[in-house]
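The analysis underlying the following values was restricted to heavy atoms, covering all of them including side chains, and did not include hydrogens, waters or symmetry mates. The chains referred to below are lettered A, B, ... by the order of the sequence lines, with proteins before strands, and numbering in each begins at 1.
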Amino acid sequence: MSRYSAAEIEAKWQQAWDTAGIFRARRDATRPKYYVLEMFPYPSGRIHMGHVRNYTMGDVVARYKIATGHNVLHPMGWDAFGMPAENAAMASGGHPKDWTYANIETMRAQMKPLGLSIDWSREFATCDPEYYGQQQALFLDFLDHGLVYRKNAVVNWDPVDMTVLANEQVIDGKGWRSGADVERRELTQWFFRISDFAEELLGALDTLDNWPAKVRLMQENWIGKSRGLQFAFGLIDGLEGHDRIEVYTTRPDTLMGASFIGISPDHPLAKRLEAECADVAAFCAEARKGGTTAEAIEKAEKLGFDTGLRVRHPFDTAWELPVYIANFILMDYGTGAIFGCPGHDQRDHDFARKYDLPIIDTFLPLEGAHDIHATPYVPLKSERVRYTRLVAGEEIQTGEAGVETAIDFCEAKGVGQGVTKFRLRDWGLSRQRYWGCPIPVVHCDTCGVVPERKENLPIRLPEDVSFDAPGNPLDRHPTWAACTCPRCGAPARRETDTMDTFVDSSWYYARFTAPHAATPTDMAEAEYWMNVDQYIGGIEHAILHLLYSRFFARAMQITGHLPAKAIEPFDALFTQGMVTHSIYELTHNQVDTGIAGSGPEADTKFEEYRRSETRLPTYLFPEDVIEFTDSFGEKKALKRSLVETNEGISINTQMLESAWLREFEAGTEVRIIPSAKMSKSKKNVVDPSTIIAQYGADTARWFVLSDSPPERDVEWTAAGAEAAHRHLSRVWRLASEIAQSDAPANPEDETLLREMHKCIDDVTKGIDSFGFNAAIARLYAFTNTLAKSQAGQAAKSTAARTLAQLMSPMTPHLAEDVWSMLGGENLVTIAPWPVADPQMLIDETVILPIQINGKRRAEISVPADLPESEVEKIALAHDAVVKALDGAQPRKIIVVPGRIVNVVL
RNA sequence: GCCCGCGUGGUGGAAUGGUAGACACAGGAGACUUAAAAUCUCCAGGCCCUCGGGCCGUGCCGGUUCGAGUCCGGCCGCGGGCACCA
């Protein structure tokens, strides 16, 4: 072999790792353990570049930790339940199970050539009965400990598909598949008591030092702790059982600005009135119709219905306020009722104007006047306000302190009490779907809801199901639900709901520590391997997945499935960016624009045409496109097919340009839309398998790490991949040249070895801090140094072997090949990580820039250990300094050893 | 509406308060070659220049400092999260 052949060496070294079994993780008390985990993939069909980036980062960490003497656990599995499998079954008639396992096969086969340091013996899919059976066991233990319960809940119900929809599946109030008007229905569902842990989940965020601040903040906002006052308005002429309305407010300091009471259409009082009055019933029905999506909420008009009921203000019994049922009040936050304060709240203000209610200002602004009735209405920020008129003659300060003062004031007057509320609600886990983990309970006519016995687990999904009718196939299965009551033995019926797939991913990290255990976890294994030392995944899971996992870790501890130390399961979290790519949009023939040629007018017309609804964009795959830079330095793209007809003839820029111009005039040019998330519909995707076949896995790995910081998006470009491959070829070539060289030792050796130690230091720091792009830049620089070095063979060989070690986390196959080529012992993967010699990091002479008044004016070369006073002398003697001083004495001289000299005039 | 983050060459991006632009892409010049590919060498923030160098420059304005891309305050722009949450 005389040149770098990725295909050859990658197969060879993967085989070698396999044979050596070095990625098998076993407990070992003699070495520190390290558990690195990437968020496991959903088996959608094929892997994409985002996967490659994610797993490569995890692999860099894993391999680095192996080299630094850790006992590494690096597992992989499949988040395999979920709707796409059912959708595929509905679309093409197959079975979700077959679809899923076939995808897993394909993706595993695509993943293995990446050369990841994965312990494949621990692989599982969440749809394996061995896994979901243990999940059912967990559920039963949670049930036992009161961590899961049943209650009625309002859900989005698709009457055609006969299923519950998630909020994201409701588009403009219609089901995303059926297009039917979505109804709000009350169903009995299972819930995890995550809200009981709100305070704990919030407080513990402070302990997660190695999580991105952004993620912690997002969780904090999601949990949404608020402090306020809960109190009641007494009803005048109340109904039986309803003599008061409880409200919650975070702004008790604005209590004197109250002008109405609003209650949710789902409030018990509203429901009571609904039963008695057709008008109320009609209003409530209409109000409940509104979708729960962001857009629906944005557009929705604030509507109210005056119930005719009146309440008394707690601080002034003569003050009567009307009670409205309003469509913007949520039943599941606070008490489902509010007091409206139009002077200090945008929504209440809109509402008050619409229904002609009083708008009362309770603030005394610090400066200037505040017109509460101005149009447009500008709510006054409390920081700019001094006092609030809480009660005539008694004023309190506003702001955060003001809220506490107001609460104290109200409590002292016997009006309500201060309470803390959370936005976080219990986690509804019931799904009316087939392809999920069956909820292991039985409904018995005499015993009610009865937990299944553990010895009957797993409750397996039936295989003979059909997807040709809407609804849940488990529901209409002829025999599956039929069972006997575990308590009384009478005929009973199984629960046909399955679990939310977020449940599956909430504990898989724990299962990886003992994937074949007969219980959900094995405490000895969990004690050894937990926690995950480094977790890596997309920011899109910042809230739900990570919060649910944190809840599960706590619940599993309570139920004895995880040790105390695993209360926070992920010690460190890294959220990586996406892989993006330009989009190539093929413009259509522009006949109907009526404009030919170019110029601003044509451009405007063309823009209009581009945006017209009738025109559907057509996209081209990157491999069907040739990019080039025209003579004006602008990036252009051409259909590859147009160029390939010219095969055999050399193609220059001029030819590409004229071809492009012809296309442009025909109105069929390829437009380049810059960098966007890879998406099949836009065709801006690059298949990892194609890249691996073309360049090898190391090139793909190197490129996804090299161009951008890991937390940011990286743009995949053909040129970039090409360049990465060129560099790896160069390293390989360099190594083989060194292997054959016989250059004798010489004075250059020392210089090269010093550079090598600096490189070790920089790369080690880079990997330690997730600065993979910086580490790679450093490796480029060192390769350049090595290539130009005149050092002897021995020194160059040492340098190249070290280069191989430093590259091995990123490009492990190439590294092994270089290592063995240069006589490295055993496998580079298990060779101890090189350590920089501190002596070698210190240069004998340093170049110090000299600043005059903070501006760089000259530089001097001095011995590194020269005392400051000597450096000062040399600097003062420098021509530039002498000239600037012009005989005068400097006011001050700052010498930063090894860094800089600043002379202040 | 509330909360958070980010603005550096043509591009991606480097830079513990200490020489801004490392490294790479795209670009330019050259060597080798019949030619191409491959490879190698060199140039490259902007503006001036007497070829020594000079001036400007990290979104804008101000501040702290001997020294600011970095710290502080205020704008402008972009991006993200949450959201009829009372």
Side-chain angles (χ1 to χ4, degrees), chain A residues 3 212-215 217-222 224 226 228 247-251 254 262 264 290 292 294 296-298 300-302 326-330 332-341 345-348 350-351 379 421-425 539-540 542-543 627-629 631 633-635 649-650 674-675 703 706-709 712-715 717-724 726-727 729-730 733 762 765 771 773-784 787-788 847-859 890-896 898-905:
Chain A
R3 47 186 291 263
K214 182 184 180 162
V215 173
L217 192 73
M218 280 162 78
Q219 294 222 346
E220 187 183 324
N221 290 339
W222 186 263
S226 74
V247 300
Y248 171 72
T249 178
T250 55
R251 296 299 304 276
T254 64
S264 164
T292 47
I297 286 161
E298 195 89 24
E301 201 187 348
K302 311 235 170 322
N327 64 346
F328 64 93
I329 297 160
L330 306 172
D332 43 12
Y333 187 80
T335 60
I338 60 155
F339 78 83
C341 180
D345 181 279
Q346 180 74 59
R347 281 174 324 220
D348 296 349
D350 296 346
F351 192 85
K421 290 213 185 278
F422 293 91
R423 212 188 68 104
L424 182 67
R425 289 177 237 160
I539 187 78
E540 66 273 20
I543 298 173
E627 267 196 31
F628 67 99
T629 309
S631 42
E634 262 183 58
K635 261 209 181 132
I649 308 162
S650 71
S675 204
F703 180 70
S706 67
D707 248 28
S708 295
R712 251 186 264 180
D713 292 350
V714 65
E715 179 168 19
T717 61
E722 193 75 53
R726 212 183 307 137
H727 178 73
S729 306
R730 187 173 177 230
R733 195 168 354 101
D762 289 343
K765 282 177 184 159
N773 58 324
I776 283 179
R778 194 61 187 79
L779 288 165
Y780 266 107
F782 183 59
T783 305
N784 290 341
K788 285 176 188 166
I847 293 168
L848 290 184
I850 299 179
Q851 293 185 332
I852 296 171
N853 283 343
K855 283 194 189 288
R856 186 181 170 281
R857 282 293 180 267
E859 60 182 36
R891 282 204 306 162
K892 201 171 177 183
I893 302 175
I894 290 122
V895 178
V896 184
R899 280 291 186 182
I900 207 160
V901 180
N902 193 7
V903 180
V904 187
L905 299 184

Sequence-aligned protein contact record of nucleotides 13-18 of chain B, with B where the base is within under 4.0 Å of a protein heavy atom and S where only the sugar-phosphate is: SS-B-B
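- Distance check, rounded to the nearest 0.5 Å: CG of L217(A) to CG of N221(A) gives 5.0 Å.
- For the residue pair N853(A)/R891(A), the side-chain donor-acceptor check at 3.5 Å is not satisfied.
- Among the protein residues, R425(A) comes within range of the nucleic acid bases, having at least one heavy atom under 4.0 Å from a base atom.
- Going from the P atom of A24(B) to that of G45(B) covers 15 Å, rounded to whole Å.
- Side chains of Y248(A) and S226(A): a donor on one and an acceptor on the other come within 3.5 Å.
- At whole-Å resolution of the value, CZ in F703(A) and C1' in A26(B) are 13 Å apart.
- Atom CD of E540(A) and atom P of G81(B) are 11 Å apart (whole Å).
- Nucleotides G46(B) and G57(B) place their P atoms 16 Å apart, quoted to the nearest Å.
- Put simply, CH2 on W222(A) is 19 Å from P on C3(B), counting in whole angstrom units.
- Base orientation at G52(B) is syn, since its O4'-C1' glycosidic dihedral falls within 90° of 0.
- A sub-4.0 Å separation between OP1 or OP2 of A86(B) and a side-chain N or O of Y333(A) is present.
- Residue K788(A) is in sugar-phosphate contact alone, with no base atom involved, counting any heavy-atom pair closer than 4.0 Å across all strands shown.
- Helical stems in RNA chain B, defined as runs of 3 or more consecutive Watson-Crick or G-U wobble pairs with both donor-acceptor distances under 3.5 Å, are listed by first residue as B:1-7 with B:76-82, B:10-12 with B:23-25, B:27-31 with B:39-43, B:45-48 with B:53-56, B:59-63 with B:71-75.
- A distance of 11.5 Å separates OG1 of T335(A) from CG of L330(A), quoted to the nearest 0.5 Å.
- Across the protein-nucleic acid pair, F782(A) atom CZ and A22(B) atom C1' stand 16 Å apart, rounded to whole Å.
- The residue I776(A) sits apart from the nucleic acid: no heavy atom pair falls under 4.0 Å.
- Here the CZ atom belonging to R857(A) is positioned 11.0 Å from the CG atom belonging to N902(A), to the nearest 0.5 angstrom.
- In this structure, E220(A) places its CD atom 11 Å from C1' of C4(B), rounding to the nearest Å.
- Anti is the classification of G74(B), since its glycosidic angle lies more than 90° from 0.
- Nearest nucleotide to the side chain of P849(A), out of C25(B), U19(B), C3(B): U19(B).
- For the pair T717(A)/F703(A), a side-chain contact is recorded, criterion being any heavy-atom separation below 4.5 Å from C-beta on.
- Contact annotation for Y780(A): backbone-only contact, meaning every heavy-atom pair under 4.0 Å involves sugar-phosphate atoms and none involves a base.
- Look at CZ on R778(A): it is 15 Å from C1' on A24(B), rounded to the nearest Å.
- Distance check: D332(A) CG to R423(A) CZ gives 11.0 Å after rounding to the nearest 0.5 Å.
- Comparing U19(B), C23(B), A86(B) by their nearest atom to the side chain of R856(A) picks out U19(B).
- The CG atom of D713(A) sits 12.5 Å away from atom CG of D707(A), with the distance rounded to the nearest 0.5 Å.
- Residues A777(A) and D332(A) each lie close to RNA chain B; by heavy-atom proximity, the contact nearer the 5' end of the strand is made by A777(A).
- To the nearest angstrom, C1' of C82(B) lies 13 Å from CG of L424(A).
- Between the NE2 atom in H727(A) and the CG atom in L779(A) there is a gap of 7.0 Å [rounded to 0.5 Å].
- Side-chain atoms of I338(A) and F328(A), non-hydrogen and from C-beta on, do get closer than 4.5 Å to each other.
- Listed pair R730(A) / C40(B) meets the phosphate criterion, a side-chain N or O lying under 4.0 Å from OP1 or OP2.
- Rounded to the nearest Å, the gap between the C1' atom of G17(B) and that of U70(B) is 7 Å.
- Here C4(B) is the nucleotide among U19(B), A26(B), C4(B) with the atom lying nearest to any side-chain atom of L217(A).
- For the pair I539(A)/K214(A), a side-chain contact is recorded, criterion being any heavy-atom separation below 4.5 Å from C-beta on.
- Taking atom C1' in both G81(B) and G27(B), the straight-line distance is 40 Å, to the nearest Å.
- The separation of G69(B) from A15(B), taken at their C1' atoms, amounts to 9 Å, rounded to a whole angstrom.
- Put simply, the side chain of R730(A) reaches to within 4.5 Å of the side chain of N784(A), judged on heavy atoms.
- Taking side-chain N and O atoms only, R726(A) has no distance below 4.0 Å to OP1 or OP2 of A37(B).
- A distance of about 14 Å separates the P atoms of G13(B) and C6(B), rounded to the whole Å.
- Residue N784(A) places its side chain closer to C23(B) than to any other of C40(B), A86(B), C23(B).
- A37(B) and A26(B) have their P atoms separated by 14 Å, given to the nearest Å.
- Taking atom CZ of F422(A) as the reference point, atom C1' of A83(B) lies 19 Å away to the nearest angstrom.
- The 5' end of RNA chain B is approached more closely, in terms of each residue's nearest nucleotide, by N221(A) than by the other of N221(A) and D348(A).
- An OP1 or OP2 oxygen of G5(B) is reached within less than 4.0 angstrom by no side-chain nitrogen or oxygen of K214(A).
- For the P atom pair drawn from A38(B) and C43(B), the interatomic distance equals 22 Å after rounding to whole Å.
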